[in-house]
Amino acid sequence: MKLLLDTHLLLWAAGDPDRLSFDARSLIEAQENVLFFSAASLWEIAIKKSLGRSDFQADARLVRRGLLDNGYIELPVSSEHAVAVEGLPDIHKDPFDRMLVAQAMVEGIVLLTADPVVANYPGPIRKA
C-alpha cells in the first residue's frame, strides 16, 4: 500500500516514535508499504518552526534528509494538487492538512493521519 504520512506522524516517526499509535507504527514498519512524504509537510515544519511553535522544533532540512535516507519518497506539490484543494469540503482550516488531503486524492495514495478532523475527509484517508 502507498502511504502518505501527515506532518505530525513524520515528526513522531523521526524523533519521538513512542507517540506513534500501534497501528501507525505497524503500517510504517511493514515492508510491503511504500512511504511518501509531502513537500508541503516540510514547508509546514519550516514555517511553524520560524513562528516559534513548540511542537515544530525539528530542522526541516534534517527531517528531509532522514526521510530520504530511510527510503521515503518525496511527493512534490503540483498545480493539480493546488487546484484540487478548492473542491474539498470545509472540514478543516489548516492549509497544510488540506493540501495533504488533496494530494492523497489526486495521487490515489492513502493519507495516514493522527488527526481525527482530517480523518473526516472523504477519500483515501486512514486514522492511525
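Values in this document were obtained by computation on a predicted structure and should not be read as measured data.
No donor-acceptor distance shorter than 3.5 angstrom exists from the side chain of Asp6 to the backbone of Asp97, with no hydrogens or angles considered. Put simply, the side chain of Gln103 gets close to the backbone of Pro76: a donor and an acceptor are under 3.5 Å apart.
Contact detail for Glu107 and His81: the closest heavy-atom pair is OE2-NE2, 2.7 Å. Contact record, Leu111 with Ala104: CB-CB, 3.8 Å, taken as the closest heavy-atom pair. The shortest non-hydrogen separation linking Ala39 to Glu74 is CB-OE2, 4.1 Å. In terms of heavy-atom proximity, Met99 sits nearest to Ala40 at CG-CB, 3.9 Å. Taking all atoms of both residues into account, the shortest heavy-atom contact from Ala84 to Val106 is CB-CG2, 3.7 Å. Minimum interatomic distance between Ile109 and Lys2 (heavy atoms only, all atoms of both residues): CG2-O, 3.4 Å.
Hydrophobic clustering keeps Leu75 apart from Leu9 (ILVMFWY residues linked when any side-chain heavy atoms are closer than 4.5 Å, directly or through intermediates). Residues Leu100 and Val117 share a hydrophobic cluster, clusters being chains of Ile/Leu/Val/Met/Phe/Trp/Tyr side chains in contact below 4.5 Å. By the rule that hydrophobic residues join a cluster once side-chain heavy atoms approach within less than 4.5 Å of another member, Ile73 and Leu4 end up as members of one cluster. Residues Val110 and Leu10 share a single hydrophobic cluster, defined by chaining ILVMFWY side chains whose heavy atoms lie under 4.5 Å apart. Leu20 and Leu3 fall within a single hydrophobic cluster, where Ile, Leu, Val, Met, Phe, Trp and Tyr are joined by side-chain heavy atoms under 4.5 Å apart, directly or via other members.
Counting only residues at least two apart or on different chains, the side chain to side chain donor-acceptor pair (under 3.5 Å) pairs with a member in residues 12-37 are Asp23-Arg126.
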Test side chain to side chain contact (heavy atoms under 4.5 Å, CB included) on Val101 and His92 and set out the steps.
CA-CA 10 Å; Val101 170; His92 201 305; over 6 Å; no
Show, in sequence, the C-alpha distance, side-chain angles and deciding distance for Lys48 and Asp55, and conclude whether the side chain to side chain contact (heavy atoms under 4.5 Å, CB included) test is met.
CA-CA 8 Å; Lys48 292 182 177 177; Asp55 54 339; 5.9 Å; no
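For the pair Phe56/Ile47, no side-chain contact is recorded, criterion being any heavy-atom separation below 4.5 Å from C-beta on. Under the 4.5 Å side-chain criterion, counting only non-hydrogen atoms from C-beta, Pro122 is in contact with Met105. You'll find the side chain of Tyr72 stays beyond 4.5 Å of the side chain of Arg64, heavy atoms only. Side-chain contact between Phe37 and Val63: absent, with no pair of heavy atoms (C-beta onward) separated by less than 4.5 Å.
Summarising the geometry, atom CD1 belonging to Ile45 is positioned 4.0 Å from atom CG belonging to Leu11; distances are rounded to the nearest 0.5 Å. Of the inter-residue distances, the one linking Glu44 atom CD with Phe96 atom CZ reads 5.5 Å to the nearest 0.5 angstrom. To the nearest 0.5 angstrom, Asp115 atom CG is 8.5 Å from Asp94 atom CG. Residue Arg65 holds its CZ atom at 10.0 Å from CG of Asn70, rounded to the nearest 0.5 Å.
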